[in-house]
Amino acid sequence: MDTSVIRMDKQKLQVPDFPSIVYIEGDGVGREITPVALAVIDAAVKHAYGTTRAIGWKECLAGEKAFSSQGAYLPQDTLDAIDESLVAIKGPLTTPVGKGFRSLNVTLRQKLDLYACVRPVRYFTGVPSPVRHPELVDMVVFRENTEDIYAGIEWPQGSSEAALLRDFLEQSLNVTNIRFPESSAFGIKPVSVEGSKRLVRSAIHYALEQSRTSVTLVHKGNIMKFTEGGFLAWGYEVAKDEFGAIRNEKGHYLIERTGQKPLIVKDCICDAFLQNILIKSSDYDVVATTNLNGDYVSDALAAEVGGIGIAPGANINYLTGKAIFEATHGTAPDIAGNNSANPLSMILSGEMLLRYLGWNEAAAILIRAIELVLQDSLVTADFYRLIKQEGNDATLLGTKEFGDYLISRM
Ligand code: NAD
């Protein structure tokens, strides 16, 4: 048996001291930020565990690097390697235009059934922000990743499929409220019991394990009663039936836990939520939501604490253990090759990876070093520009130099 393989056993991840983990460098700025992130992660592990633990990185190809050497954007070998190693980290990938792919990222998520898109959003002192109290933002968004209008089931205006669907809706289902039936494109929004429940279950488990205060189900069930409303109803069912939640006088559900205040499970309509995260962001902690809502919510929250240069993410299947950690931004072709990209989104994705492995000491060292460096206003070009615009002082570092400095502060 290969002793470097991470395994799932009884729904728990079994991590050896020297695990083999896949990395995909990525295109564009991925070539700059990924090597920096790996070096920073390695340094944090070394500081935490000396020589008793280390990650064995295994490079796999995807995107332009894969296409130029193997003629495929997403080689089967890469999918097989992630299947085997369970855990991977990847840089951003260019979506090939007009080559039959919707997106390599979406393909990876679908093929590996990575149903939860997890995005922690917190503020680091020193980071320029457009809001007055970014320090009140400390949330973890669980976005359903496989369903909803995002599943890509849609047909263009004028197509025979759109006409067929329109006729079926009007003639067989007596739909009368398609405003312009002849000229409409159509999309379908599947939201299932299993898909909703596994996402909410994972969010509640996470909240309990990490001692968070609440889980908010964000939905648009007031308008889309069966899809978004279903997500909400099934979410509360999970809280009640599987975690023993009891309803209080405010209509919230409480999950009792020893030695701590109960975990609150509540809900919020998505439009109100987008307003509330600006005016009372400390009301929210873990958030569980459907795919499209999650897309908007994640980016709005990321903007509050410094934008996509510092926004980490992971796509996870908590049942199989498969997880890909990744920067949430794209390949940034406008700045690629300049050694100016901010590597923090990738480094913070590495921090998430370390916590996923249960290597919390290394993750804490990494976070502490980031706090120190940002407090001192040593930053890459994206933050430098904004700090200067606000009339404050900062020191400009290149991508690689930022990583080196971070390591020196561990
Ligand atoms: P982008 O995220 O690459 O860039 C948007 C803006 O943010 C640009 O001005 C860019 O310079 C800036 N930016 C992004 N990352 C940064 C960083 N680390 N540091 C500083 N600034 C940063 O979005 P785009 O330009 O719309 O997309 C470019 C390509 O990336 C497309 O091919 C798209 O399909 C792909 N993409 C990939 C992913 C992914 O792999 N997860 C996500 C989004 C887009």
Side-chain angles (χ1 to χ4, degrees), residues 23-38 40 60-67 73-74 78 82 88-112 114 117-119 124 127-128 130 143 145 150 152 291 294-296 298-299 302-303 305-316 323-350 352 370 373-374 378-389 394 396-403 406:
Y23 79 93
I24 295 169
E25 189 179 61
D27 301 321
V29 289
R31 295 191 192 124
E32 295 154 68
I33 61 175
T34 303
V36 167
L38 299 191
V40 169
C60 287
L61 303 185
E64 284 165 0
K65 200 167 176 181
F67 189 74
Y73 282 101
L74 189 55
T78 297
I82 302 173
I89 187 165
K90 68 170 267 298
L93 297 171
T94 307
T95 297
V97 180
K99 300 249 169 47
F101 273 104
R102 272 186 74 214
S103 143
L104 293 177
N105 300 300
V106 173
T107 310
L108 268 170
R109 283 169 215 167
Q110 283 176 346
K111 292 223 182 247
L112 300 167
L114 305 176
C117 176
V118 183
R119 300 231 182 133
F124 288 93
V127 173
R143 164 186 170 192
N145 231 353
Y150 240 87
N291 206 340
D295 193 31
Y296 300 151
S298 307
D299 278 16
V305 298
I308 49 179
I310 194 169
N315 294 295
I316 303 177
I324 301 183
F325 296 81
E326 62 176 353
T328 58
H329 59 72
T331 56
D334 52 337
I335 57 166
N338 296 345
N339 188 39
S340 68
N342 190 341
L344 274 173
S345 49
M346 201 64 191
I347 291 171
L348 286 166
S349 301
M352 289 177 75
I370 294 175
V373 172
L374 292 176
L378 285 124
V379 290
T380 46
D382 49 344
F383 288 176
Y384 181 78
R385 216 172 20 248
L386 293 169
I387 295 173
K388 284 292 197 186
Q389 267 170 21
L396 177 64
L397 296 180
T399 309
K400 181 165 183 328
E401 293 68 32
F402 183 88
L406 201 57

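Just so it is clear, the values below take in all heavy atoms, side chains as well, and ignore hydrogens, waters and symmetry mates. Counting starts at 1 for both ligands and their atoms, in listed order. Owing to the predicted nature of the structure, the values given are computational and were not obtained by experimental measurement.
Each of Thr380, Val36, Asn339, Val40 was compared with Phe402 under the side-chain contact (heavy atoms from CB on, under 4.5 Å) criterion, and only Thr380 meets it.
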- [ ] Dump the intermediate steps for side-chain contact (heavy atoms from CB on, under 4.5 Å) on Asn105 and Lys90, then the final yes or no.
- [x] CA-CA 10 Å; Asn105 300 300; Lys90 68 170 267 298; 2.6 Å; yes
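Backbone and side-chain nitrogen or oxygen atoms of Asp334 are examined, and one is located within less than 3.5 angstrom of a nitrogen or oxygen of ligand 1. Remark: ligand 1 and Ala332 share an N or O pair separated by less than 3.5 Å (distance only, no angle test). Looking at ligand 1, you won't find any N or O of Thr328 less than 3.5 Å from one of its N or O atoms. The N/O atoms of Gly91, backbone and side chain alike, include none that comes under 3.5 Å of an N/O atom in ligand 1.
The structure places CE of Met346 at 15.0 Å from CD1 of Ile310, a figure rounded to the nearest 0.5 Å. Summarising the geometry, atom CD1 belonging to Ile82 is positioned 8.0 Å from atom CG belonging to Leu114; distances are rounded to the nearest 0.5 Å. Atom CD1 of residue Ile370 and atom CZ of residue Phe124 lie 5.0 Å apart, to the nearest 0.5 angstrom. For the atom pair CZ (Arg109) and OH (Tyr150), the distance works out to 8.0 Å, reported to the nearest 0.5 Å. Taking CG from Leu374 and CG from Leu344, the interatomic distance works out to 6.0 Å, rounded to the nearest 0.5 Å.
Within 6.0 Å of NZ in Lys111 there are 12 or fewer heavy atoms belonging to other residues, nucleotides or ligands.
Using a 4.0 Å cut-off to heavy atoms of Leu93, the atoms of ligand 1 that qualify are 35 (C), 36 (N), 37 (C), 39 (C), 40 (O). Less than 4.0 angstrom separates some heavy atom of Pro333 from each of these atoms of ligand 1: 28 (C). Atom numbering of ligand 1 starts at 1 in the shown order; those under 4.0 Å from a heavy atom of Asn105 are 37 (C), 38 (C), 39 (C), 40 (O), 41 (N). Atoms of ligand 1 found under 4.0 Å from any heavy atom of Lys90, numbered from 1 in the order shown, are 40 (O).
Nearest-heavy-atom check against atom 42 (C) of ligand 1 across His329, Met346, Arg385 picks out His329.
Closer than 4.0 Å to atom 24 (P) of ligand 1 lies none of the heavy atoms of the protein.
In terms of protein heavy-atom proximity, atom 6 (C) of ligand 1 is closest to Ile308 CD1, 4.2 Å. Thr95 N, 3.4 Å is the protein heavy atom nearest to atom 32 (O) of ligand 1. Protein heavy atom closest to atom 22 (C) of ligand 1, with residue, atom name and distance, is Ile335 CD1, 4.0 Å. Considering only non-hydrogen protein atoms, atom 18 (N) of ligand 1 sits nearest to Asn342 O, 2.9 Å. Looking only at heavy atoms of the protein, atom 29 (C) of ligand 1 is closest to Thr331 OG1, 3.1 Å. In terms of protein heavy-atom proximity, atom 2 (O) of ligand 1 is closest to Gly330 N, 2.6 Å.
Of the possible polar contacts, one joining the Thr399 side chain to the Ser340 backbone as a donor-acceptor pair under 3.5 Å is found.
Ion pairing of Asp299 with Arg119 is present here, as a side-chain N (NZ or NE/NH1/NH2) and a carboxylate O approach within less than 4.0 Å.
Not a single heavy atom of Val29 sits closer than 4.0 Å to an atom of ligand 1.
Nearest heavy-atom pair, Ala314 versus Phe325, reported as atom, atom and distance to 0.1 Å: CB-CD2, 3.4 Å.
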